[in-house]
> 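Let me begin by handing over the structure; questions about it come next.
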Amino acid sequence: LKSTAQRMQYKAVVHDSDNDRIGIFVEDYTSGTDPYKFFGATATYSGTTLTVGTFTDIGSVDEAGAVRVWGAYDPDNDKPVVVVADGAGSKMIAMQIDISGSTPSVDHQATLTDAFGRFDAFSHEQLAYDTSTDRFVWIFRDTSDSDTLKASVLTNSGTAFTWGTLGTIE
């Protein structure tokens with residue numbers, strides 16, 4: 001994938017241990033009214049050689065501003081899960097991605113809508129999976145609320161997501 005605007009500033013890489021593949025997910029600027037898109041590709045490896053498939057526009061993410069991307073592997077459902085934040089900071093989209101074939105596809109997705117303000121990508125551990133409770137936790141700094149640290153739990157049944165209530169971390 002070669003960026004038309006030298007963007008691709010937000011990206012995630014998730015290893016699918018069930019299929020021995022890697023999912024590569026990026027945002028990129030294209031053109032038009034909502035030029036920021038979400039792209040994904042599958043990759044395989046042999047020794048030290050990585051072979052990457054064609055990047056595909058996935059998830060129906062079309063935004064006016066840059067989107068942020070986080071990813072983690074769900075070992076209970078054997079699938080990568082990617083969370084994408086819209087450019088306005090008003091919604092989060094969780095997607096279970098199938099990377100078993102040559103191009104990634106979205107199995108199911110769910111949107112959490114709230115007025116988050118601007119997300120702060122202060123570390124790569126913003127999305128983590130807890131194997132003891134079989135849930136994800138997403139943590140962010142809400143700059144529209146005096147830089148308050150907040151979190152939401154995300155449950156994946158394998159066919160649907162459930163976002164928990166946003167909570168403040170005291």
Side-chain angles (χ1 to χ4, degrees), residues 1 3 7-30 34-46 50-114 116 119 121 124-140 151-166:
L1 178 65
S3 175
R7 298 267 323 153
M8 292 188 285
Q9 103 183 349
Y10 300 105
K11 50 207 148 299
V13 176
V14 181
H15 178 254
D16 180 342
S17 57
D18 189 53
N19 290 296
D20 225 10
R21 290 181 173 271
I22 296 172
I24 303 170
F25 307 99
V26 300
E27 64 85 23
D28 195 21
Y29 181 89
T30 56
D34 294 317
Y36 291 88
K37 311 288 185 199
F38 176 58
F39 292 90
T42 61
T44 57
Y45 47 88
S46 177
L50 182 68
T51 303
V52 180
T54 303
F55 277 87
T56 305
D57 186 353
I58 60 174
S60 301
V61 176
D62 302 303
E63 296 294 332
V67 297
R68 286 164 172 71
V69 181
W70 299 275
Y73 184 69
D74 181 343
D76 295 300
N77 292 297
D78 296 319
K79 299 280 181 154
V81 170
V82 176
V83 174
V84 177
D86 74 335
S90 62
K91 67 182 174 183
M92 298 293 300
I93 305 165
M95 294 178 250
Q96 178 175 289
I97 310 284
D98 182 348
I99 62 170
S100 62
S102 60
T103 58
S105 61
V106 176
D107 289 339
H108 61 275
Q109 65 186 51
T111 302
L112 173 65
T113 305
D114 205 334
F116 300 113
F119 303 111
H124 66 277
E125 289 92 15
Q126 289 183 310
L127 179 68
Y129 190 78
D130 181 350
T131 56
S132 65
T133 63
D134 302 334
R135 291 181 173 93
F136 291 90
V137 64
W138 176 65
I139 297 175
F140 70 102
S152 181
V153 172
L154 176 65
T155 304
N156 183 11
S157 71
T159 58
F161 287 109
T162 302
W163 281 101
T165 304
L166 275 179

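In what follows, every heavy atom counts, from backbone to side chain, and hydrogens, waters and symmetry copies are set aside. Residue numbers start at 1 and run along the sequence shown.
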> Within this structure, what is the CG-CD1 distance for the pair D16 and I22, rounded to the nearest 0.5 Å?
10.0 Å

> Measure from the side-chain N and O atoms of T42 to the backbone N and O of S102, and report whether any donor-acceptor pair falls under 3.5 Å.
yes

> Taking the six-membered ring for Trp, are H108 and F161 ring centroids under 6.0 Å apart?
yes

> How many angstroms lie between OG1 in T44 and CD1 in I99, if you round to the nearest 0.5 Å?
10.5 Å

> Side chains of T155 and R135: is there a donor and an acceptor less than 3.5 Å apart?
yes

> If you look at every heavy atom in L50 and A43, which pair is closest and at what distance?
CD1-CB, 3.7 Å

> Could you grab the distance from atom OG of S132 to atom CG of D134, nearest 0.5 Å is fine?
7.5 Å

> Report the C-alpha distance between Q96 and N156 in whole Å, list the side-chain angles of each, state the deciding distance to 0.1 Å, and finish with yes or no for side-chain hydrogen bond (donor to acceptor under 3.5 Å, both in side chains).
CA-CA 8 Å; Q96 178 175 289; N156 183 11; 2.8 Å; yes

> Identify the two heavy atoms, one from N77 and one from G158, that lie closest to each other, and give their separation to 0.1 Å.
OD1-CA, 3.2 Å

> Looking at CD1 of I93 and CH2 of W163, how far apart are the two atoms once the value is rounded to the nearest 0.5 Å?
10.0 Å

> Between S152 and L166 (side chain of the first, backbone of the second, donor and acceptor by atom type, cut-off under 3.5 Å), is there such a pair?
no

> If you apply the rule side chain to side chain contact (heavy atoms under 4.5 Å, CB included), what do you find for F136 with D74, and how did you get there?
CA-CA 8 Å; F136 291 90; D74 181 343; 3.7 Å; yes

> Would you sort out whether I97 and F25 count as a side chain to side chain contact (heavy atoms under 4.5 Å, CB included), showing the intermediate values?
CA-CA 10 Å; I97 310 284; F25 307 99; 3.8 Å; yes

> For residues A12 and G71, report the shortest heavy-atom separation together with the two atoms involved.
CB-N, 3.6 Å

> Any luck finding a side-chain donor-acceptor pair between Y129 and D76 under 3.5 Å?
yes

> For the residue pair T159 and S157, confirm or rule out a side-chain donor-acceptor distance under 3.5 Å.
yes

> Less than 4.0 Å between a side-chain N and a carboxylate O, is that true for D98 and K79?
yes

> When rounded to the nearest 0.5 angstrom, what is the spacing between CE in M92 and CG in L127?
8.0 Å

> Mind checking the CD1-CH2 spacing from I139 to W70? Nearest 0.5 Å is all I need.
12.0 Å

> Run the side chain to side chain contact (heavy atoms under 4.5 Å, CB included) test on V82 and F38 for me, step by step, so that the C-alpha distance in whole Å, both residues' side-chain angles and the decisive distance to 0.1 Å come before the verdict.
CA-CA 11 Å; V82 176; F38 176 58; 3.5 Å; yes

> Check the orientation of H15 and Y45. Use parallel for under 30°, tilted for 30 to 60°, and perpendicular for over 60°.
tilted

> What are the two closest non-hydrogen atoms of V52 and A41, and how far apart are they?
CG1-CB, 4.0 Å

> Considering all heavy atoms of both residues, which atom of G164 and which atom of L112 are nearest to each other, and what is their separation?
O-CD1, 4.4 Å

> Please assess D78 against Y73 for the test side chain to side chain contact (heavy atoms under 4.5 Å, CB included), listing each intermediate value before the final yes or no.
CA-CA 7 Å; D78 296 319; Y73 184 69; 3.4 Å; yes

